[in-house]
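Please read the structure below before turning to the comments.
Position 1 is the first residue of the sequence; numbering continues from there. Everything quoted here is computed from the prediction, not taken from an experiment.
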Amino acid sequence: MHSNLYKIISFHIADNYKIEFTFNDNTSKTIDFSPILYGEIYGPLKDADFFKSATLDKEIHTIVWPNGADFEPSLLYNWEDNIDEISSRAKSWVWQQA
């Protein structure tokens, strides 16, 4: 089985919680992150200014935020195939102190 290694080569914040990505195969996708902004890691991205602080990590070829939030490029590339499951799980991403 062959697995593609996707890399993000550029991105642009398109709107509130939406980012347009360009991948290494020249595919462009716009992703709405609003359904998954829950929990300790992704919850802070609800703050519009913090959301806009995303940068492209050129070593791992994905988008990252100052708090360590990031996404596997292949997950972003196949977002539409996974969004229902991801958004369902996101609601349980609540940090609980041990």
Side-chain angles (χ1 to χ4, degrees):
M1 180 177 181
H2 183 273
S3 176
N4 289 327
L5 180 61
Y6 297 109
K7 298 176 182 179
I8 297 170
I9 58 170
S10 66
F11 77 94
H12 168 72
I13 308 272
D15 200 359
N16 286 340
Y17 311 124
K18 293 181 184 174
I19 300 176
E20 181 180 334
F21 295 98
T22 302
F23 293 87
N24 58 319
D25 67 351
N26 291 319
T27 298
S28 292
K29 294 185 180 244
T30 300
I31 296 175
D32 180 1
F33 287 90
S34 60
I36 60 103
L37 300 182
Y38 297 93
E40 181 180 12
I41 297 295
Y42 299 115
L45 279 63
K46 285 183 183 179
D47 177 289
D49 288 331
F50 191 74
F51 187 82
K52 292 175 186 174
S53 71
T55 59
L56 181 63
D57 185 311
K58 296 195 186 256
E59 184 176 330
I60 61 173
H61 306 283
T62 196
I63 190 170
V64 296
W65 282 268
N67 70 339
D70 66 2
F71 292 90
E72 172 67 34
S74 62
L75 176 70
L76 296 171
Y77 191 91
N78 297 298
W79 190 260
E80 60 278 356
D81 296 334
N82 300 301
I83 186 57
D84 291 337
E85 182 178 348
I86 295 167
S87 116
S88 175
R89 288 183 182 193
K91 293 178 177 121
S92 68
W93 294 342
V94 178
W95 181 73
Q96 296 189 11
Q97 192 169 7

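Remark: of the listed residues Phe33, Phe23, Tyr6, Phe33 is the sole one forming a ring-ring contact (aromatic ring centres under 6.0 Å, His included) with Trp79.
Distance check, rounded to the nearest 0.5 Å: CD of Glu20 to OG of Ser10 gives 8.0 Å. Rounded to the nearest 0.5 Å, atoms NZ (Lys46) and CG (Asn16) are 13.5 Å apart.
Summarising the geometry of Pro44 relative to Gly39, their closest heavy-atom pair is CD-O, 3.7 Å, with the distance given to 0.1 Å.
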(message) With side chain to side chain contact (heavy atoms under 4.5 Å, CB included) as the criterion, how do Ile8 and Leu56 come out once you've worked through the C-alpha distance, each side chain's angles and the decisive distance to 0.1 Å?
(response) CA-CA 8 Å; Ile8 297 170; Leu56 181 63; 3.7 Å; yes
(message) Apply side chain to side chain contact (heavy atoms under 4.5 Å, CB included) to residues Leu76 and Thr62 and explain how you reach the verdict.
(response) CA-CA 9 Å; Leu76 296 171; Thr62 196; 4.1 Å; yes
(request) Under the side chain to side chain contact (heavy atoms under 4.5 Å, CB included) rule, what do Ile36 and Leu45 come out as? Steps first, then yes or no, please. (result) CA-CA 10 Å; Ile36 60 103; Leu45 279 63; over 6 Å; no
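In this structure the side chain of His12 never reaches within 4.5 angstrom of the side chain of Phe21, judged on heavy atoms. Here the side chains of Ile19 and Ile31 are not in contact, with every heavy-atom distance at 4.5 Å or above. Using a 4.5 Å cut-off on side-chain heavy atoms (C-beta onward), Asn82 and Leu75 make contact.
Shown here is Lys18, whose NZ atom has no more than 12 heavy atoms of other residues, nucleotides or ligands within 6.0 Å.
Glu59 pairs by the salt bridge (Lys or Arg N to Asp or Glu O under 4.0 Å) definition with nothing, not counting sequence neighbours. Evaluation of the salt bridge (Lys or Arg N to Asp or Glu O under 4.0 Å) rule for Lys29 yields Glu80 as partners, not counting sequence neighbours.
At least one donor-acceptor pair under 3.5 Å links the side chain of Ser53 to the backbone N or O of Phe50. The backbone N or O of Lys7 sits less than 3.5 Å from a side-chain atom of Asn24, completing a donor-acceptor pair.
No hydrogens or angles considered: a donor-acceptor pair under 3.5 Å links the side chains of Asp25 and Tyr77.
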Tabulate below the donor-acceptor pairs under 3.5 Å that side-chain atoms of residues 65-72 make, not counting sequence neighbours, or state none.
residue : atom : partner : partner atom : Å
Trp65   : NE1  : Phe51   : O            : 2.8
Asn67   : OD1  : Ala69   : N            : 3.1
Asn67   : ND2  : Ile41   : O            : 2.8

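Ile63 and Ile60 are assigned to two separate hydrophobic clusters, defined by single-linkage of ILVMFWY side chains at heavy-atom distances under 4.5 Å.
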